[in-house]
Amino acid sequence: MNSAMDGLPWHRRFRNALAESPALWWSFLYFFCLLSGYYVLRPVRDAMGASSEVEAVFPPAMIRFFAGHGIPLKELILQVLSTCTFILILVAQPVYGVLVSRFPRRVFLPALFGFFIACLFGFYALFHSHIPGRGLLFFLWVTVFNVFSVAVFWSFMADVFSNADAKKYYGYIGAAGTIGAFTGPAITRTLAEKVGLANLMLVSAVFLTACLVCIWRLRHWAIQREQKIGRDNESAMGGDILAGLKLIVKEPLLRWLAAMVFLGVGVGQLLYNQQATIAREGFATAEARTAYYAGIDIAVNVLTLVVQLFITRTLLSRFGLLPVLMIPMAALLLGFAVLTASPLPIIVGIVQVVTRSNEFSLMKPGRETIYTRVDRQWRYKAGAAIDTAFFRGGEITFSWTYKALSAFGSHVVFGVGLLFAGVMTASAWRLLREEKKLPSERGTVEKS
């Protein structure tokens, strides 16, 4: 059946998939709205990180503290932002653990998105007021919003779809996110200098409100699947609020998955910091930097969409995880080898686009199919811990690593990146070996 479907044009395959699974339509809309809402905000966040105006980013007390200790805050903007983000993630992770442990899914999912929407109205007022330090608060919040909202989305998808369905549909769902990730920066690029940054908060809030509607509609199919496989995922799952981190320590598959995410974020951070240097030197205003980052996002999302529509489903359905993990690894190794030899700005941009598009179109959908074969403690707790603590841990570690290595020049930065890309490839290979040991969906046992 898969080979017959693969012979059809992509639009007919997608139409047939929608006819097979009404839940796919709502999942498609959910991820489109989620990533549209986020990508409206991401260029604003990135422009804050690339700013050289410390007064717009940090509160006066923080500026005075660094100045009093002789620390050049202007040269450490991204590193300080990454450090503050990691600290906030460590605080937020136990709070999230309490939420998913004590409340059923029908409560914590709407509550989480309701909180995010309320925050956007707060930022609308904050950007209108031009309060010093608003950049720090916004940068932190957008980052936390992204990692938790996307982690919860994929955990919920594993409640809705079986492993076989995930291999057929996750490429399409990823494509919905890519279309949203294209739409968001296009909106921002069009409106940023016309309506101002504050009004972009309201645009994002509209998209997140649509996500709430999709969550409500998808609950029906999640319950149906749970009844079919004999699980009750509607009740509160209970357990230790730090159960996710304990599972990662205990389970080899989760350890290699965490290692791969940590290193993937790390090598990406080396590129991101170099890109920030280029933006800081090349653009004078926050609006101009915002438009630049929006352009990069558009290039990433165009390539991602092409891969998702024409390649991802075929690779996952026919060959499983091997190609969707190892093809990006080969591209990453090649990209960093080229950068080590010739770290030109245009090559940095090209490798950034290819690396991010591979993550979104192949690696992320591939990794998420694993969670359809395990219980919800793995999905909502261990999965969220990997996507938050380990993700941001990689970001802060390699942000400061970049700062230390940059003194020796770009060749050294990317040479070290090539080394870590090799370690990441080894982690991906070990993950593939552990994934083969997982039972089939019906044979999955609860682990806690």
Side-chain angles (χ1 to χ4, degrees), residues 31-51 56-57 77-78 81-82 84-85 88-89 116-117 119-120 123-124 126-127 134-151 153 174 176-193 195-208 211 265 268-269 271-273 275-276 278-280 283 286-305 349 352-353 355-357 359-361 364 387-388 391-392 395 399:
F31 206 34
F32 166 77
C33 291
L34 176 59
L35 282 231
S36 292
Y38 166 63
Y39 272 92
V40 165
L41 305 175
R42 179 187 166 103
V44 181
R45 184 206 70 170
D46 287 345
M48 295 290 178
S51 175
V57 180
I77 289 177
L78 272 181
L81 288 173
S82 296
C84 293
T85 300
L88 183 58
I89 287 289
F116 290 146
I117 292 167
C119 287
L120 285 171
F123 282 116
Y124 171 77
L126 196 64
F127 274 90
R134 61 190 181 279
L136 172 65
L137 185 61
F138 184 73
F139 190 99
L140 296 179
W141 179 86
V142 170
T143 306
V144 171
F145 155 67
N146 176 45
V147 294
F148 278 105
S149 62
V150 174
F153 170 82
T178 303
I179 297 170
F182 181 88
T183 303
I187 292 172
T188 299
R189 188 167 190 169
T190 302
L191 297 181
E193 297 183 83
V195 304
L197 301 184
N199 288 307
L200 294 176
M201 307 299 116
L202 302 183
V203 174
S204 181
V206 172
F207 282 115
L208 297 194
C211 290
V265 172
Q269 192 68 13
L271 283 170
Y272 181 75
N273 276 265
Q275 188 182 38
I278 293 169
R280 187 179 300 116
F283 302 97
E287 287 77 10
R289 287 189 294 272
T290 297
Y292 164 74
Y293 277 108
I296 291 289
D297 286 340
I298 290 170
V300 168
N301 293 320
V302 168
L303 180 57
T304 300
L305 184 60
Q352 174 79 293
V353 169
T355 301
R356 285 177 56 194
S357 66
E359 165 64 17
F360 300 144
S361 63
K364 181 66 173 176
D387 287 341
T388 55
F391 189 99
R392 294 305 159 189
E395 183 178 76
S399 180

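As the structure is a prediction and not an experimental result, all values here were calculated from the model.
- Counting heavy atoms from C-beta on, the side chains of Leu34 and Phe207 never come closer than 4.5 Å.
- Residues forming a side chain to side chain donor-acceptor pair (under 3.5 Å) with Tyr38 (at least two apart in sequence, or on another chain): Arg42.
- Looking only at distances, a side-chain donor or acceptor of Thr178 sits under 3.5 Å from a matching main-chain atom of Gly174.
- The shortest distance between side-chain heavy atoms of Leu88 and Trp141 does not fall below 4.5 Å.
- With sequence neighbours excluded, no residue forms a side-chain contact (heavy atoms from CB on, under 4.5 Å) with Ala186.
- With sequence neighbours excluded, no residue forms a side chain to side chain donor-acceptor pair (under 3.5 Å) with Ser36.
- Annotation: side chain of Cys119 is not in contact with side chain of Phe145 (no heavy-atom distance under 4.5 Å).
- In terms of heavy atoms, Tyr39 sits closest to Pro185 at CB-CD, 3.4 Å.
- Taking CE of Met201 as the start and CZ of Phe138 as the end, the distance is 4.0 Å to the nearest 0.5 Å.
- Ser204 contributes a side-chain N or O that, together with a main-chain N or O of Gly37, makes up a donor-acceptor pair within less than 3.5 Å.
- Between Val142 and Val44, the closest side-chain pair of non-hydrogen atoms is not below 4.5 Å.
- The distance from the CZ atom of Arg356 to the OG atom of Ser361 is 12.0 Å, given to the nearest 0.5 Å.
- Residues Asn199 and Val203 are not in side-chain contact: their nearest non-hydrogen atoms beyond the backbone lie 4.5 Å or more apart.
- Nearest heavy-atom pair across Ser149 and Phe116 is CB-CE1, 4.0 Å.
- Within the model, atoms CG of Leu35 and SG of Cys211 stand 9.0 Å from one another, a figure rounded to the nearest 0.5 Å.
- Asn146 is not listed as a side-chain neighbour of Thr143, based on a closest heavy-atom distance of 4.5 Å or more.
- At least one donor-acceptor pair closer than 3.5 Å links the side chain of Thr188 to the backbone N or O of Val40.
- Residues Leu136 and Phe139 fail the side-chain proximity criterion, which asks for heavy atoms closer than 4.5 Å.
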